[in-house]
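Along the sequence shown, residues carry numbers from 1.
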Amino acid sequence: MAYDETGRIAPVETSSGVPAAVLENVFDDPSHGEPGRDRIAVHVVWEFLLLLGLAAVTWLLWREDADALRGGALKTLLVDVAGLGLLTLAAGLSLRAAAVNLAIGPVALAAALHFAEQGDRGVREALLPALVVAALGGLALALAVVVLHVPGWAASLAGAAAVIVYIERRTTPVVVQGGYDPRRTALYLFVGFAAVAVLGGLFGAIKPVRRLVGRFRPVADPARRRGAVAATVTALALVASTVLAVLGGVLIAANGDGPVAPASGLDWSVLAIGAVMLGGTSAYGRRGGIFGTLLAVCAVEVFLAWAVAQDWTISRWAVGGAALGAGLLVTRLVETFGRPRPTPPGGVPVGPSGDGTISTGWALTPSPEPADAWPSVLPVRDPDTVDSWESPRWEGEPRRWDAGDR
């Protein structure tokens, strides 16, 4: 049932026919997207399964070599988790921004080689130049992605090639110089990574934050620009992911038992991206879990420690490829069961605030016409029709009381 109000005009509607005010309340992307809010239950279920998997592989490691979970071996394992965790955070941040950074592996290896050569100068003196170069390189990558509006994987692959050229200037492994031992602060490093991972997942579950970080995700033609806000957030994500990769590479080099060997470093990219996707982050960006990244990184590192205890030789390519393959299946699950619930045809899941919907379910349908356009309740008089009460015969005929008097 519709009501007309004087001076009230219809609100702006989008191509879907839903008022813009409603879209702002129920869409993750007000301009496009599906009505409703992302569901988190699929992440809860998957993270519970990851927790069971981590418990199982930890029990296998304990049964095979209990000393691997005690003393110095446990500290080494915690630093390994923190090192891979920083690379995974870098991959997850760029992946959530829908511009995955494939250069994080080569950047981490280049940072490890740089720290191995310059570590005798001190941690600060060796780390600061690497961080500055990483920030500038990440900024150049970000400008290429957001200014040209090209896929992040393509631009970062070109950046990875440039970093690999720098790595290939060394033909022999480099022994780590200096006396920095991250195992002395292993617990703090692990707790720091865990806190950042969980807090990042919690903030990413908040609708405005998730919408802001994943705004670069295409919703129609992928070549269409997504606006200045999306470009700025994506640029910051790419710069931050490159800096995190440097920190992860330094931990990996300092925690190693032998020299740092030159290589492409892309195996670290595959392992980090596979771990973050295994944790529940969508390959399309925006969607992700809370504890998934922490659980996936711990599971991968404990599995690698168990493989060493079994005297198995497993490359990072194999583990990363398996994690990436499983992560693709997880992406399909997240995108299928994490999207908003389907709405009935022509229905809007959430009504607008204010007087848009009455409690009885009647909707106030605004009309562009003012209220004074209602038709008159009185009949319209036809000028060609003579009213019987105004007929001339009432004046032309003699009055009977006059005739009687005469």
Side-chain angles (χ1 to χ4, degrees), residues 40-89 91-92 95 183 186-187 189-198 200-202 248 251-252 255 267-268 270-283 287-334 336-338:
I40 200 69
V42 61
H43 296 286
V44 175
V45 174
W46 178 247
E47 288 170 5
F48 178 73
L49 295 177
L50 280 177
L51 181 60
L52 293 180
L54 175 60
V57 72
T58 304
W59 178 78
L60 291 175
L61 176 60
W62 176 268
R63 190 182 66 172
E64 186 67 28
D65 184 10
D67 293 334
L69 298 175
R70 289 196 294 254
L74 177 59
K75 293 181 179 179
T76 301
L77 180 61
L78 292 178
V79 176
D80 285 338
V81 170
L84 179 59
L86 289 174
L87 293 182
T88 307
L89 289 176
L95 198 60
R183 289 179 285 268
L187 182 60
L189 293 172
F190 172 77
V191 171
F193 154 66
V196 173
V198 174
L202 286 173
L251 283 183
I252 291 172
N255 195 46
D267 52 344
W268 284 106
V270 173
L271 184 60
I273 296 173
V276 73
M277 289 176 57
L278 183 64
T281 301
S282 172
R287 295 190 172 103
I290 298 175
F291 298 94
T293 299
L294 173 62
L295 295 174
V297 171
C298 291
V300 168
E301 284 296 343
V302 172
F303 172 79
L304 290 174
W306 177 65
V308 171
Q310 293 279 357
D311 292 330
W312 293 351
T313 302
I314 302 179
S315 68
R316 282 187 293 270
W317 284 107
V319 178
L324 191 58
L328 294 176
L329 298 178
V330 175
T331 291
R332 186 68 269 156
L333 292 175
V334 168
T336 301
F337 298 104

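When all heavy atoms are compared, the tightest approach of Leu61 to Ala68 is CD1-CB, 4.0 Å. The nearest pair of heavy atoms linking Thr88 to Ala272 is CG2-O, 3.9 Å. In plain terms, the two heavy atoms of Ala91 and Val276 that are nearest each other are CB-CG1, 4.2 Å. Between Ala326 and Leu278, the closest heavy-atom pair is CB-CD1, 3.8 Å. Gly321 and Val270 get closest at one heavy-atom pair: N-CG1, 3.8 Å. Contact between Ala275 and Ala323 at its shortest, heavy atoms only, is N-CB, 4.2 Å.
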Practice prompt. Would you check, one step at a time, whether the test side chain to side chain contact (heavy atoms under 4.5 Å, CB included) holds for Ile273 with Met277?
Written response: CA-CA 6 Å; Ile273 296 173; Met277 289 176 57; 3.9 Å; yes
Worksheet item: Could you go step by step and tell me if Val45 and Phe337 meet the side chain to side chain contact (heavy atoms under 4.5 Å, CB included) rule?
Response: CA-CA 11 Å; Val45 174; Phe337 298 104; over 6 Å; no
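Taking CG of Leu202 as the reference point, atom CD1 of Ile290 lies at 5.0 Å (rounded to 0.5 Å). Separation of atoms CG (Leu189) and CG (Leu78) is listed at 9.0 Å; rounding is to 0.5 Å. Rounded to the nearest 0.5 angstrom, Leu49 CG and Leu54 CG are separated by 12.5 Å. The distance from the CG atom of Asp80 to the SG atom of Cys298 is 11.5 Å, given to the nearest 0.5 Å. Atom CG of Leu304 sits about 7.0 Å away from atom CG of Leu271, to the nearest 0.5 Å.
Applying the salt bridge (charged side-chain N to carboxylate O under 4.0 Å, His left out) test to Arg70 and every residue at least two apart in sequence or in another chain returns Asp67. Remark: Ala322 pairs with no residue by the side-chain contact (heavy atoms from CB on, under 4.5 Å) rule, at least two apart or across chains. Scored by the side-chain hydrogen bond (donor to acceptor under 3.5 Å, both in side chains) test, Thr336 finds Arg332 as partners (sequence neighbours excluded).
Although no hydrogens or angles enter the test, the distance criterion places a donor-acceptor pair under 3.5 Å between the side chain of Thr331 and the main chain of Ala283. Of the possible polar contacts, one joining the Asn255 side chain to the Thr76 backbone as a donor-acceptor pair under 3.5 Å is found.
Each of Leu69, Val81, Val57 was compared with Val302 under the side chain to side chain contact (heavy atoms under 4.5 Å, CB included) criterion, and only Val57 meets it.
Applying the salt bridge (Lys or Arg N to Asp or Glu O under 4.0 Å) test to every pair with at least one member in residues 43-55, sequence neighbours left out, gives no pairs at all. Sorted pairs that involve residues 48-63 and meet side chain to side chain donor-acceptor pair (under 3.5 Å), not counting sequence neighbours, are lacking altogether. The list of salt bridge (Lys or Arg N to Asp or Glu O under 4.0 Å) pairs with a residue in residues 308-318, not counting sequence neighbours, reads Asp267-Arg316.
Looking at Phe193 and Val297, their side chains come closer than 4.5 Å, going by heavy atoms from C-beta outward. Annotation: side chain of Val334 is not in contact with side chain of Trp46 (no heavy-atom distance under 4.5 Å). Considering only heavy atoms from C-beta on, Trp268 comes within 4.5 Å of Ile252 through its side chain.
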